[in-house]
Amino acid sequence: MPEGPELHLASLYVNKMCAGVVFTGPVRKSEVSKNPDVPFTCEAYRITAASRGKEVKLTLTPMKSDDPKERVKAGQADQPMDIVIRFGMSGYFRFTTEDELPKHAHLRFYSKETPCRVLSFVDARRFGSWQPNGTWQSDRGPCVMFEYESFREKVVSHLSDRAFDKPICEVLLNQKYFNGIGNYLRAEILFRLNIPPFVPARTVLEGLESEDLSENKKPVKNETTDTKTSDGAKQKWVKGETGDLLRLCHTVPLEVVNLGGKGYDPQKTDYSDFKAWLQCYYVDGMKSIGDHNGRTMWFKGDPGPMAPKDSKSTKAKKRAKKDGHDYYTDKKKVARKRSESTSKKKVVKQETVTKTPKKEKKARTKEAGTKRRKAENSREVTAPQHEKGSTARRRKSSSAEPAAGPQRRSGRVTRQNSK
DNA sequence: CGTCCACGTCTAC
DNA sequence: TAGACCTGGACGG
């Protein structure tokens with residue numbers, strides 16, 4: 001879960017759980033972590049957190065003691081220390097008793113209580129990182145959620161930067177300008193405005209003002225814009241009642257923050273609210289394409305002129321193993337379907353089958369297939385299918401669309417826990 | 001049991 | 001621009 005909203009919810013979690021808790025001793029790191037040791041130890045200290053885009057900063061504050069000299073002499077900290085943490089693909093915080101330490105708790109802070117409790121930075125994949133005595137990473141821009149004005153100003157005033165030569169969906173992942181936006185947010189944001197993901201970024205952004213003229217408007221209410229969807233006419237995506245693209249880079253993540261703990265709290269691994277909130281990412285019926293960096297872009301409708309187009313585009317393709325495309329979709333509780341219209345261009349191969357789902361060949365991705373394989377081929381799109389279910393993902397191919405798309409349901413739903 | 005996929009950076013050729 | 005870095009869940013055979 002780690003995109004801006006989850007990092008912020010993580011900071012709220014730390015502040016809530018650790019309020020009034022006194023921590024003690026050294027900060028401990030797991031044996032396997034390659035991140036730096038945190039040279040901090042103190043008889044009594046407190047922990048608070050703050051977030052900015054995709055980073056969380058923990059502040060360890062020594063409590064006053066009657067005898068500072070003794071403390072310092074003993075190697076105890078007397079000054080606060082900041083630790084800046086990035087979550088990678090799987091990081092999160094948990095506060096548990098010592099005997100319930102989660103697996104992969106790579107950085108730990110011990111409380112002074114008797115049944116000791118521990119604040120842990122948990123990170124299964126270990127892509128996360130931290131820096132003792134750290135500061136917000138210098139090349140990351142202002143937080144899209146909490147430094148909106150400066151975020152907006154920075155983008156608008158740097159449109160000549162070559163970084164904006166790329167498709168808008170790829171630029172949205174550039175943390176120098178969009179600190180906090182990640183793969184699900186870029187899909188949700190572009191979807192709300194019906195902006196084709198592979199349209200040149202500058203084209204979409206130029207003309208936007210540094211001042212958000214939609215400032216005082218009512219809160220974005222979310223209507224499922226559906227009425228408008230299908231018409232082939234592409235409506236003007238520049239700004240709607242909900243505001244322009246930059247404003248949505250601020251409001252959409254805040255919606256996730258407002259979903260509350262559910263979105264984040266690892267304790268209750270209940271992502272049902274979050275999944276119900278998603279309108280595009282991983283949603284059944286939406287299309288997906290690997291972007292030039294191999295990241296899956298979910299969207300609806302026209303991919304836009306800079307779409308990787310099979311051939312060489314990169315990872316997605318490279319990953320491609322042999323022939324075949326693969327598509328996958330998942331379903332989510334809330335049914336949302338909507339196939340696409342306008343899929344002009346590429347026609348995917350189609351399948352005629354009706355009932356049994358058939359799959360196709362597959363493609364490989366970098367992560368998975370890693371290293372050696374590469375091949376050629378394209379990626380493309382996805383289509384709908386399946387129904388119900390709740391969590392699960394599915395892959396399958398589908399025809400590109402129109403005619404008939406109704407259903408073919410396959411036989412499977414997904415279930416995850418075993419019986 | 002093997003393959004594919006994952007909410008993200010990093011850095012080396 | 002392509003790997004590297006990792007673990008684990010869902011699927012498929």
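Each chain gets a letter, A, B and so on, in the order its sequence line appears, and its residues count up from 1.
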Trainee: Rounded to whole Å, please give me the gap between CD in A:Glu6 and P in B:dC7.
Mentor: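 Checked: the CD to P distance equals 12 Å.
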Trainee: Atom OH of A:Tyr92 and atom C1' of B:dA6: how far apart are they, to the nearest Å?
Mentor: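 So the two atoms are 15 Å apart, to the nearest Å.
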Trainee: Could you please name the partner base of B:dC7, counting Watson-Crick and G-U wobble pairs only when both distances are under 3.5 Å?
Mentor: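 B:dC7 is unpaired by these criteria.
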Trainee: For B:dA6, does either OP1 or OP2 sit under 4.0 Å from a side-chain N or O belonging to A:Arg125?
Mentor: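 False: A:Arg125 side-chain N/O out of range (4.0 Å or more) of B:dA6 OP1/OP2.
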Trainee: Would the A:Phe87 and A:Phe121 ring centres measure less than 6.0 Å apart?
Mentor: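 So the answer is yes for these two rings.
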Trainee: Can you find a side chain N or O atom of A:Arg86 that sits less than 4.0 Å from OP1 or OP2 on B:dC10?
Mentor: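 Yes.
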Trainee: Any side-chain N or O of A:Ser129 under 4.0 Å from OP1/OP2 of B:dT9?
Mentor: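 False: A:Ser129 side-chain N/O out of range (4.0 Å or more) of B:dT9 OP1/OP2.
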Trainee: Taking the six-membered ring for Trp, are A:Phe164 and A:His158 ring centroids under 6.0 Å apart?
Mentor: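 Ring centroids of A:Phe164 and A:His158 are no less than 6.0 Å from each other.
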Trainee: Take atom C1' in B:dC10 and the same atom in C:dG8, then report the distance between them in whole Å.
Mentor: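 The answer is 23 Å between these two C1' atoms.
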Trainee: Answer yes or no: does a side-chain N or O of A:His292 lie under 4.0 Å from OP1 or OP2 of C:dA2?
Mentor: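 No.
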Trainee: Name the one of A:Phe191, A:Tyr271, A:Phe274 that satisfies ring pair (Phe, Tyr, Trp, His ring centres under 6.0 Å) with A:Tyr184?
Mentor: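 Running ring pair (Phe, Tyr, Trp, His ring centres under 6.0 Å) over A:Phe191, A:Tyr271, A:Phe274 with A:Tyr184 returns exactly one hit, A:Phe274.
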Trainee: I want to check one thing: is the phosphate of B:dC7, taken as OP1 and OP2, less than 4.0 Å away from some side-chain N or O of A:Lys54?
Mentor: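 Negative; the distance criterion is not met.
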Trainee: Given atom OH of A:Tyr271 and atom P of C:dG9, what is their separation to the nearest angstrom?
Mentor: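 A:Tyr271 atom OH is separated from C:dG9 atom P by 13 Å.
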Trainee: Which whole-number value in Å describes the distance from A:Tyr184 OH to B:dC7 P?
Mentor: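 To the nearest whole Å, that distance equals 12 Å.
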Trainee: Taking the same atom, C1', in C:dG9 and in B:dT9, what whole-Å distance lies between them?
Mentor: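 The answer is 22 Å between these two C1' atoms.
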Trainee: What closest approach, in Å, do A:Arg117 and A:Val21 show between heavy atoms, and which atom pair accounts for it?
Mentor: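 Shortest heavy-atom contact: NH2-CG2, 3.9 Å.
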Trainee: Can you tell me if the side-chain N/O atoms of A:Arg295 get under 4.0 Å from OP1 or OP2 in B:dC7?
Mentor: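 Checking A:Arg295 against B:dC7: at least one side-chain N or O falls below 4.0 Å of OP1 or OP2.
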Trainee: Looking across every strand, which nucleic acid part, if any, lies under 4.0 Å from A:Glu55 by heavy atom: base, sugar-phosphate, or nothing?
Mentor: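 Contact class for A:Glu55: none.
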Trainee: Check for me whether A:Lys154 meets the cation-pi criterion with A:Tyr177, that is, NZ or CZ under 6.0 Å from the six-membered ring centre and within 45 degrees of the ring axis.
Mentor: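 Yes, a cation-pi geometry holds between A:Lys154 and A:Tyr177.
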Trainee: What distance do A:Leu7 atom CG and A:Ile85 atom CD1 have between them, rounded to the nearest 0.5 Å?
Mentor: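 Answer rounded to 0.5 Å: 9.5 Å.
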Trainee: Could you give the CG-to-C1' distance, from A:Asp291 to C:dT1, as a whole number of Å?
Mentor: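 From A:Asp291 CG to C:dT1 C1': 12 Å.
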Trainee: Think A:Gln175 has a side-chain N or O under 4.0 angstrom from the OP1 or OP2 of B:dC10?
Mentor: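 Indeed not, no polar side-chain atom of A:Gln175 lies that close.
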Trainee: Expressed in angstrom and rounded to an integer, what is the separation of A:Glu3 atom CD from B:dG8 atom C1'?
Mentor: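 After rounding, the reported distance stands at 9 Å.
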Trainee: Answer yes or no as to whether B:dG8 has its base stacked against A:Phe127, where stacking requires a ring-centre separation under 5.5 angstrom and planes under 30 degrees apart.
Mentor: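 Aromatic stack with B:dG8 present for A:Phe127.
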Trainee: What distance, rounded to whole Å, do you find between the two P atoms, one in B:dC13 and one in C:dC5?
Mentor: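 My reading of the P atoms in B:dC13 and C:dC5 gives 12 Å.
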Trainee: Identify whether any heavy atom of A:Arg140 sits under 4.0 Å from a base atom; if not, whether one sits that close to sugar-phosphate; answer base, sugar-phosphate or nothing.
Mentor: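 A:Arg140: backbone/sugar contact only, no base atoms under 4.0 Å.
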Trainee: Starting from C1' on B:dA6, measure out to CZ on A:Phe274 and report it in whole angstrom.
Mentor: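 It works out to 13 Å between those atoms.
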Trainee: Figure out the CD/P separation between A:Glu170 and B:dT9, and round it to whole Å.
Mentor: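 Result: 15 Å.
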